[in-house]
Amino acid sequence: QVQLVESGGGVVQPGGSLRLSCEASGRTFSIAAMGWFRQAPGKEREFVAAIRWSGGITRYADSVKGRFTVSRDNAKSPVYLQMNNLKPEDTAVYYCAADRKFGRRVVTTNLHEYDSWGPGTQVTVSS
């Protein structure tokens, strides 16, 4: 099993920035990729960004390209989601998730391919 915990959410004004962190523990050797997803009230959970666990490959939703950056400093660091120029439509609960198919080289955007999920952290963008 892999346990995930998000942190860094909060309330920010439009145009502001936040950095979310996702700490992974447990059988982390099984992770192929880490993804960030979000769910706004009354909407389905949607893909935001993802990174291959070993680094080198990232993917982004069109709605966040150029504003959000997913990264990982080293093999022991959390996975980060740097969010800049935030908009009210970015308001949602943000979840990190692990694709635990070790050895898969593709970084998927399909939430059904992710096996472990964190509890989520609220991001509110409001003036």
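Heavy atoms only: backbone and side chains are in, while hydrogens, waters and symmetry mates are out.
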Could you walk me through whether R38 and E46 pass the side-chain contact (heavy atoms from CB on, under 4.5 Å) check? CA-CA 5 Å; R38 67 187 181 186; E46 64 176 4; 2.7 Å; yes
Quick check for you: to the nearest 0.5 Å, what is the distance between [X] atom [atom1] and [Y] atom [atom2]?
X    : Y   : atom1 : atom2 : value
R72  : I51 : CZ    : CD1   : 8.0 Å
S71  : L81 : OG    : CG    : 8.5 Å
T124 : L86 : OG1   : CG    : 10.5 Å
S116 : M34 : OG    : CE    : 9.0 Å

State whether the side chain of R59 and the backbone N or O of T108 hold a donor-acceptor pair below 3.5 Å, judged by distance alone.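 No; zero donor-acceptor contacts below 3.5 Å.
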Between R52 and I57 (side chain of the first, backbone of the second, donor and acceptor by atom type, cut-off under 3.5 Å), is there such a pair? no
Could you tabulate the donor-acceptor pairs under 3.5 Å formed by side-chain atoms of residues 2-14, not counting sequence neighbours?
unit_1	atom_1	unit_2	atom_2	d
E6	OE1	G120	N	2.8
E6	OE2	C96	N	2.9
E6	OE2	G120	N	3.2

Please say whether the positively charged group of R19, taken as NZ for Lys or CZ for Arg, lies over the ring of Y80, i.e. under 6.0 angstrom from the six-membered ring centre and within 45 degrees of the axis. yes
Are any non-hydrogen side-chain atoms of V93 and R45 less than 4.5 angstrom apart? no
Taking the six-membered ring for Trp, are Y94 and F68 parallel (under 30°), tilted (30 to 60°) or perpendicular (over 60°)? tilted
Between F37 and W117, how do the two ring planes meet: parallel, tilted or perpendicular, split at 30° and 60°?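 Tilted, since the angle between the ring planes falls between 30° and 60°.
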How far apart are the closest heavy atoms of [X] and [Y], and which atoms are they?
X   : Y    : value
N74 : K76  : OD1-N, 2.8 Å
A50 : Y114 : CB-OH, 3.6 Å
R67 : D90  : NH1-OD2, 2.8 Å

Does the pair V48 and M83 meet the rule for a side-chain contact (heavy atoms from CB on, under 4.5 Å), with working shown? CA-CA 11 Å; V48 174; M83 305 185 295; over 6 Å; no
Any salt bridge between D62 and K65, counting N to O under 4.0 Å? yes
Only distances under 3.5 Å count here; give the side-chain donor-acceptor pairs of residues 21-32 to other protein atoms, sequence neighbours excluded, each with its distance to 0.1 Å.
unit_1	atom_1	unit_2	atom_2	d
S30	OG	R27	O	2.7

Could you check Y60 against T69 for side-chain contact (heavy atoms from CB on, under 4.5 Å), going step by step and ending with a plain yes or no? CA-CA 8 Å; Y60 296 93; T69 302; 3.8 Å; yes
Transitively linked via ILVMFWY side-chain contacts under 4.5 Å: Y95 with W53? no
With a sphere of 6.0 Å drawn around CD of E44, does it hold more than 12 non-hydrogen atoms of other residues, nucleotides or ligands? no
Given side-chain contact (heavy atoms from CB on, under 4.5 Å), test V79 with V70 step by step and report yes or no. CA-CA 7 Å; V79 173; V70 60; 3.9 Å; yes
